[in-house]
There are 2 protein chains.
Amino acid sequence: MTRVTTPRTSPLSGSPTLDEVARVAGVSRATASRAINGGQRVSARAQEAVDEAVRTLGYVPNPAARSLVTRRTDSIAVLVPEPDDRVFSDPFFAGTLRGVNRVLSERDIQLVLLLARPGADTARTLRYLTNRHVDGAIVTSHHREDRLAEHLAEIGLPCVFGGRPWTGGERVAYVDVDNAAGEREATELLIGSGRSRIGTIAGPHDMTAAADRLAGWRQAMSAAGLADDAVEHGDFTEASGETAARALLDRHPDLDALVVASDLMAAGALRVLTERGRSVPDDVAVVGFDDLGVAERTTPQLTTVRQPVVEMAERATRLLLERVDAMEGSHPMRVIIPPTLVQRAST
Amino acid sequence: MTRVTTPRTSPLSGSPTLDEVARVAGVSRATASRAINGGQRVSARAQEAVDEAVRTLGYVPNPAARSLVTRRTDSIAVLVPEPDDRVFSDPFFAGTLRGVNRVLSERDIQLVLLLARPGADTARTLRYLTNRHVDGAIVTSHHREDRLAEHLAEIGLPCVFGGRPWTGGERVAYVDVDNAAGEREATELLIGSGRSRIGTIAGPHDMTAAADRLAGWRQAMSAAGLADDAVEHGDFTEASGETAARALLDRHPDLDALVVASDLMAAGALRVLTERGRSVPDDVAVVGFDDLGVAERTTPQLTTVRQPVVEMAERATRLLLERVDAMEGSHPMRVIIPPTLVQRAST
DNA sequence: GGGAATGATGGAAGCGCTCCCACCCATTGA
DNA sequence: TCAATGGGTGGGAGCGCTTCCATCATTCCC
């Protein structure tokens with residue numbers, strides 16, 4: 001048991017290898033490996049000897065060697081096909097990263113951040129993913145043209161989308177908030193409180209979240225027999241909210257309520273309303289979407305549709321890890337989370 | 001040349017290997033490898049054949065196998081020892097990530113984001129880095145107690161700090177803005193415009209940037225023979241700026257200027273001043289620090305000390321890559337970037 | 001008490017790649 | 001003419017790890 005066997009390699013090369021651990025522990029490399037990875041089929045005595053050897057040598061397994069044979073990298077990518085400037089200022093992204101990270105730190109999995117400028121880096125990013133540099137990917141903030149869902153489905157890399165992709169939605173898993181229901185509910189709240197001339201500032205044309213929210217507004221409006229012609233589009237930023245609000249108020253001076261597809265755009269709209277001397281909520285009621293902090297910092301505070309971003313990201317990550325573990329046999333899944341209406345001072 | 005040699009492995013295992021490329025190209029694995037990695041000592045004919053084979057097979061090298069022998073992972077870590085909530089709302093962090101990413105995307109290097117909650121994850125993170133899972137690390141927003149500089153120096157992992165570390169600064173490389181000079185200059189500007197009762201809202205006690213800025217303010221004040229007793233500390237957040245401003249104005253109602261160690265805190269201070277009916281800049285002049293967007297969005301717009309965060313991050317990353325390439329023989333370096341004073345409406 | 005489980009063990013075969021080194025074949029200079 | 005160069009090439013030895021499989025040592029049950 002204690003007989004010293006000759007090592008395959010000398011301990012010259014810096015950090016200790018499994019061979020040395022095995023030698024010090026007086027067991028074979030195979031046993032040492034088993035002991036280190038969960039200890040199936042290892043006697044208490046061998047386990048102890050290996051643990052001790054690991055401790056005294058300060059052994060850490062070489063991830064590349066391990067990954068070469070297990071075909072696992074123990075890291076997953078968060079893919080953001082968005083010019084970096086926009087990403088970082090967006091609380092949605094921050095929440096996503098937080099949720100992902102929370103789940104990953106429970107297991108020993110690392111997060112590789114893949115920031116791909118729309119056209120330019122797509123090929124490079126795809127190549128990276130094809131390489132199996134990571135075990136899976138969370139994709140967020142994707143646009144219509146990128147066709148990422150299809151590409152990823154072809155590669156066969158386990159992935160989960162945050163938000164329904166435009167195309168290929170039937171081939172990939174995704175987690176989404178029920179955008180239509182949320183915006184419908186928001187609109188119904190306004191209608192219920194006696195508003196009848198309700199406009200909307202919708203999001204960009206190439207994102208499903210925007211389209212779904214707009215649809216929700218339309219549903220509520222037509223169900224109540226109201227005109228759904230007061231529509232402007234922004235790109236979810238504050239500045240675009242201002243522009244859209246101006247256009248909307250110019251075209252429809254009689255508006256008594258605004259359903260806005262993001263809190264940031266709603267903040268812009270609030271500024272325009274103040275600027276034009278319309279009081280909120282007396283003259284015009286405003287509802288936002290997101291509730292990621294901004295809604296509490298506006299004056300007046302914003303009634304809004306809350307999407308639990310962090311929880312959604314957690315959910316997506318767990319889903320991804322399941323798919324990574326299962327590898328095959330798991331067919332695409334969708335998780336739709338109901339949003340909640342948060343009433344504040346703007347309605 | 002075209003004779004087909006027997007492959008070491010069958011093409012059953014999914015993606016093609018170098019062996020298959022070599023076989024298809026009619027060369028040896030060694031030649032194929034050379035052709036793929038820059039093509040030293042490869043004839044034009046062989047190069048062409050390999051390129052062609054790579055194309056038709058859709059070959060992508062296995063990163064684990066490569067990394068096992070080269071001892072390079074082609075990825076670097078961005079280490080943020082900060083509870084994740086704070087990180088993401090901070091434009092400083094956003095700028096850093098942007099700068100790092102910009103440099104990395106020039107080469108084919110990936111960014112691994114390591115978010116470590118202060119105490120909890122340190123051991124795990126250090127283990128990850130010890131593993132040589134990455135080639136190097138950028139460390140940002142470190143605090144006094146974490147002693148990260150020492151730990152990393154011990155591991156021997158190439159790393160560059162963003163901002164001077166509290167301890168171990170002589171053993172690691174870092175890129176920093178000249179905080180003292182910046183705050184000194186800001187203070188001198190106020191003194192030059194006739195202010196004499198100047199208070200400061202400093203940053204947290206455990207960050208060098210905060211200490212250096214405070215020192216800069218002190219230098220300017222005592223050089224002008226002014227009292228440097230009006231000091232309050234915040235933690236760089238807007239809320240803490242409000243609290244500090246209140247305390248400062250309570251204790252020193254005669255203040256005619258405020259030097260604030262971050263724009264976010266300055267924004268909080270501005271709100272308090274408005275609330276108390278002090279006009280800015282007529283009654284009280286205010287100078288911030290950072291100029292990362294916030295300063296342009298306050299009313300009035302903020303005069304501030306600009307630190308070029310993105311450029312600093314780029315600089316740090318290039319420095320890191322040099323160190324990674326050189327491996328040894330490169331001794332710790334520091335790069336100190338001069339900040340610039342940006343004058344707006346608050347002074 | 002004997003054969004079948006059951007559990008622990010080590011030998012050895014790779015995982016896919018890089019790179020050292022020996023080799024071959026043209027050139028070249030003496 | 002022959003030795004000396006040198007670019008191009010392939011054989012083969014690893015990199016450090018996991019895991020299949022054969023081998024024993026135990027234990028159990030009829």
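Every chain is numbered from 1, with letters handed out A, B, ... down the list of sequences.
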Between dG16(C), dT9(D), dT9(C), which one does the side chain of Thr31(A) approach most closely? dT9(C)

Please give, in whole Å, the distance from dG10(D) P to Arg41(B) CZ? 15 Å

What I'd like to find out is whether the side chain of Arg34(B) reaches to under 4.5 Å of the side chain of Thr31(B), using heavy atoms alone. yes

How many whole angstroms separate atom CZ of Arg45(B) from atom C1' of dG8(D)? 12 Å

Using a 4.5 Å cut-off on heavy atoms from C-beta on, say whether the side chain of Ser33(B) contacts that of Leu18(B). yes

Roughly, in whole Å, what's the span from CZ in Arg29(B) to P in dG14(D)? 14 Å

Should we say atom CD of Glu106(B) is surrounded by more than 12 heavy atoms from elsewhere, each under 6.0 Å from it? yes

Using a cut-off of strictly less than 4.0 Å, decide whether Arg71(B) has a side-chain nitrogen or oxygen near OP1 or OP2 of dG16(D). yes

Could you give the CG-to-C1' distance, from Asn37(B) to dC20(C), as a whole number of Å? 15 Å

Once you round it to whole Å, what is the distance between P of dC17(C) and CZ of Arg23(B)? 13 Å

Can you measure Leu18(B) atom CG to dC15(D) atom P for me and round it to whole angstrom units? 19 Å

Sorted by position of nearest nucleotide on DNA chain D, 5' first, the leading residue of Ile36(A) and Val42(B) is Val42(B)

Which residues pass the side chain to side chain donor-acceptor pair (under 3.5 Å) test with Ser75(A), not counting sequence neighbours? Thr73(A)

Side-chain N or O of Ser33(B) closer than 4.0 Å to phosphate OP1/OP2 of dT18(C): yes

Shortest side-chain distance from Ala30(B), nucleotide among dA8(C), dC19(C), dG16(D): dC19(C)

From the candidates dC17(C), dG16(D), dG10(C), the one with an atom nearest any side-chain atom of Leu68(A) is dG16(D)

Classify the side chain of Arg34(B) and the base of dG10(D) as holding, or not holding, a donor-acceptor pair under 3.5 Å. yes

Using five base pairs at each end, measure the axis-to-axis angle across the helix from dG1(C)-dC30(D) to dA30(C)-dT1(D) and round it to 10 degrees. 40°

Would you kindly give the CG-to-P distance between Asp19(A) and dG14(D), to the nearest whole Å? 13 Å

Heavy-atom count around Arg315(A) CZ within 6.0 Å, excluding the residue itself: above 12? no

N/O donor-acceptor pair under 3.5 Å between Glu314(A) side chain and Gly99(A) backbone: no

Sugar-phosphate, base or nothing in reach of Arg66(B), heavy atoms under 4.0 Å: sugar-phosphate

Which of residues 48-63 of chain A sit near DNA chain D, with a heavy atom under 4.0 Å from it? Tyr59(A), Pro61(A), Asn62(A)

Short side-chain N/O contact to dT9(D) OP1/OP2 from Ser43(B), under 4.0 Å: yes

Side-chain donor-acceptor contacts of residues 107-115 of chain A below 3.5 Å, not counting sequence neighbours, with atom names and distances?
unit_1    : atom_1 : unit_2    : atom_2 : d
Arg107(A) : NH1    : Asp325(A) : OD2    : 3.4
Asp108(A) : OD1    : Arg124(B) : NH1    : 3.0

On the nucleotide dG16(D), are OP1 or OP2 found under 4.0 Å from the side-chain N or O atoms that Thr17(A) carries? no

Can you list everything that forms a ring pair (Phe, Tyr, Trp, His ring centres under 6.0 Å) with Tyr174(A)? Sequence neighbours excluded, please. none

Please list all pairs passing the side-chain hydrogen bond (donor to acceptor under 3.5 Å, both in side chains) test where one or both residues lie in residues 154-164 of chain B, with sequence neighbours left out. Arg164(B)-Asp212(B)

Can you check the Gln47(B) CD to dG7(D) P distance for me, whole Å? 17 Å

Quick note, Thr70(A) side chain, CB onward, closest among dT18(D), dG16(D), dT18(C) is dT18(D)

Under 3.5 Å, is there a donor-acceptor pair linking the side chains of Asn37(A) and Arg66(A)? yes

